[in-house]
Amino acid sequence: MTDTPQEPLKRTPLHAAHLRAGARMVPFGGWDMPVQYSGLKAEHDAVRTGAGVFDVSHMGEFRVTGEGALAFLQSVTTNDVSKLKAGRAQYNWLPGVQGGLVDDIYIYMVRDGEYLMVVNAGNIAKDWAHLNAHTQGFDVTLTDESDRWGLLAVQGPKTPELLQPHTDTDLSAKKKNAFFQTKLFGFDVWLARTGYTGEDGFEVFAVASEAETVWDKLLAIGLTPAGLGARDTLRLEAGFPLYGHEFSDTIHPLSSTYAWVVKDKAHVGRNHISLAPSQKLVGLRLERVPVREGYPVKVAGQVVGHVTSGTSSPTLGHPIAMALVEAAYATAETFEVEVRGKDHPATRMELPFYKA
């Protein structure tokens, strides 16, 4: 009997920078990624009150071009891509043919007939296969540019004032979901006023070979390096669903509070997504005990669902969680969450838990 060889962990263009900064590295979706540097709470608070920077270069980028690019994207997504204008970004879903979501994504429109799609790191291969399986009949070309880009998420209320002296673009004129090419520290980059923390900020698309220098310059002007740990607590406070937790190939996407992502149009998953979900996503507040994914959620002692994400909220000062529960119980005010055989009281909270 021999051991099965394991694939080596992939490294982003910033791997050496993370090691220099003293990051604690962990395997994440096949990548060697920083989970924290100075500590989760310090990094979380820096983003809520100042500015932090995350390495999200592990995410995938696909370019979609051709006269049929818009029609193709309309056929494989749920949101209305025709509403996008050049220089704008749109949150969207890739519905599965048999139900669930292949992925949740962002689409950035470069110009007529040219779009950039950003997909979750763990889904790159799956998304690529799914998209290519649905190109027949469309005049469209797909290009996997995941190795071309270093992607940095710069987030926090002080982000615009810190970046402004180092770019030739008036950032105050760029509204949420703006997407534009500019200079940053003298480098040609694309900036997108989007994010995953609930705070203001920009995604920085830098050429991979220049990403480490951009990262170093961001730290030099006062941004705090933040890891996967803070990214998860921030997104959970903001009520943002995470693929693999609140979304999956088998979870009905309309279980979430994001029904607005589905527009009335034809797409590959329309038949399944139009069915009413049997579960709903709810927010829970607990008083003392943090809960984790998979813990049973009960009403009056009866299991009605399970926790999908949970943490102790650094901003709010108490544990919070999101849970999928049977739709009939989604409006209940009180629940119990079972932790190691003991039930702990929880109350329903509207999402998001925190709004900047």
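Since we're looking at a predicted model, the values are computed, not measured.
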Partners of F187 by ring-ring contact (aromatic ring centres under 6.0 Å, His included), sequence neighbours excluded?
none

Distance, nearest 0.5 Å, that separates [atom1] of [X] from [atom2] of [Y]:
| X | Y | atom1 | atom2 | value |
| --- | --- | --- | --- | --- |
| S172 | Q164 | OG | CD | 6.5 Å |
| Y295 | D343 | OH | CG | 13.0 Å |
| T250 | Q98 | OG1 | CD | 13.0 Å |
| S278 | I251 | OG | CD1 | 10.5 Å |
| D144 | R63 | CG | CZ | 11.5 Å |
| T169 | Q181 | OG1 | CD | 9.5 Å |

Might you point out which heavy atoms bring [X] and [Y] nearest each other, and give the distance in Å?
| X | Y | value |
| --- | --- | --- |
| P253 | L101 | CB-CG, 3.6 Å |
| P352 | K355 | CG-CB, 4.3 Å |
| G195 | E203 | CA-OE2, 3.2 Å |
| P95 | H267 | CG-ND1, 3.6 Å |
| M59 | N120 | CE-OD1, 4.1 Å |
| A321 | F353 | O-CZ, 3.1 Å |

Take atom [atom1] of [X] as the centre, draw a 6.0 Å sphere, and report whether it contains more than 12 heavy atoms from other residues, nucleotides or ligands.
| X | atom1 | value |
| --- | --- | --- |
| R24 | CZ | no |
| K85 | NZ | no |
| E67 | CD | no |
| D139 | CG | yes |
| K298 | NZ | yes |
| D112 | CG | no |
| K263 | NZ | yes |

Between [X] (side chain only) and [Y] (backbone N and O only), is there a donor and an acceptor less than 3.5 Å apart?
| X | Y | value |
| --- | --- | --- |
| D249 | G100 | no |
| H252 | Q279 | no |
| T49 | D45 | yes |
| H344 | R288 | no |
| R48 | L234 | yes |
| R193 | L171 | yes |
| H134 | H130 | yes |

Do you know which of F202, F240, Y91, F54 makes ring pair (Phe, Tyr, Trp, His ring centres under 6.0 Å) with Y196?
F240

So if I apply the ring pair (Phe, Tyr, Trp, His ring centres under 6.0 Å) rule between W93 and each of Y258, F247, Y243, which one comes out positive?
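Of the listed residues Y258, F247, Y243, the ring pair (Phe, Tyr, Trp, His ring centres under 6.0 Å) partner of W93 is F247.
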
Paired with V53, the side-chain contact (heavy atoms from CB on, under 4.5 Å) test is passed by just one of V47, T159, L223, namely L223

Among T213, T167, L218, which residue satisfies the side-chain contact (heavy atoms from CB on, under 4.5 Å) criterion with F185?
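Filter result, single survivor: L218.
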
State yes or no: are the ring centers of W190 and Y108 separated by less than 6.0 Å?
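So the answer is no for these two rings.
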
Ring center gap for H18 and W215 short of 6.0 angstrom
yes

Among side-chain atoms of [X] and [Y], is any donor-acceptor pair under 3.5 angstrom?
| X | Y | value |
| --- | --- | --- |
| K265 | Q74 | yes |
| T315 | S313 | no |
| Q155 | T197 | yes |
| D168 | T182 | yes |
| E199 | Y354 | yes |
| E293 | T308 | no |
| R235 | S309 | yes |

Test side chain to side chain contact (heavy atoms under 4.5 Å, CB included) on E210 and V207 and set out the steps.
CA-CA 5 Å; E210 299 172 345; V207 174; 4.0 Å; yes

Salt bridge [X]-[Y], side-chain N to carboxylate O under 4.0 Å:
| X | Y | result |
| --- | --- | --- |
| D103 | K126 | no |
| K176 | D200 | no |
| K10 | D32 | no |
| K158 | E161 | no |
| R340 | E338 | no |

Check step by step if side-chain hydrogen bond (donor to acceptor under 3.5 Å, both in side chains) holds for H44 and E237.
CA-CA 11 Å; H44 179 107; E237 286 183 351; 3.1 Å; yes

Yes or no on side chain to side chain contact (heavy atoms under 4.5 Å, CB included) for E246 and L281, after CA distance, side-chain angles and deciding distance?
CA-CA 8 Å; E246 286 75 36; L281 191 70; 3.8 Å; yes

Report yes or no: do [X] and [Y] belong to one cluster of Ile/Leu/Val/Met/Phe/Trp/Tyr joined by side chain heavy-atom distances under 4.5 Å?
| X | Y | answer |
| --- | --- | --- |
| L151 | L191 | no |
| V299 | V291 | yes |
| V64 | I107 | yes |
| V56 | V154 | no |
| L84 | V110 | no |

Side chain to side chain contact (heavy atoms under 4.5 Å, CB included) evaluation trace for F138 with S75:
CA-CA 10 Å; F138 297 98; S75 75; 3.5 Å; yes

Could you walk me through whether V337 and V307 pass the side chain to side chain contact (heavy atoms under 4.5 Å, CB included) test, one step at a time?
CA-CA 8 Å; V337 180; V307 172; 4.0 Å; yes

Start with the C-alpha distance between H318 and S312, add both sets of side-chain angles, then the distance that settles side-chain hydrogen bond (donor to acceptor under 3.5 Å, both in side chains), and finish with yes or no.
CA-CA 6 Å; H318 58 75; S312 184; over 6 Å; no

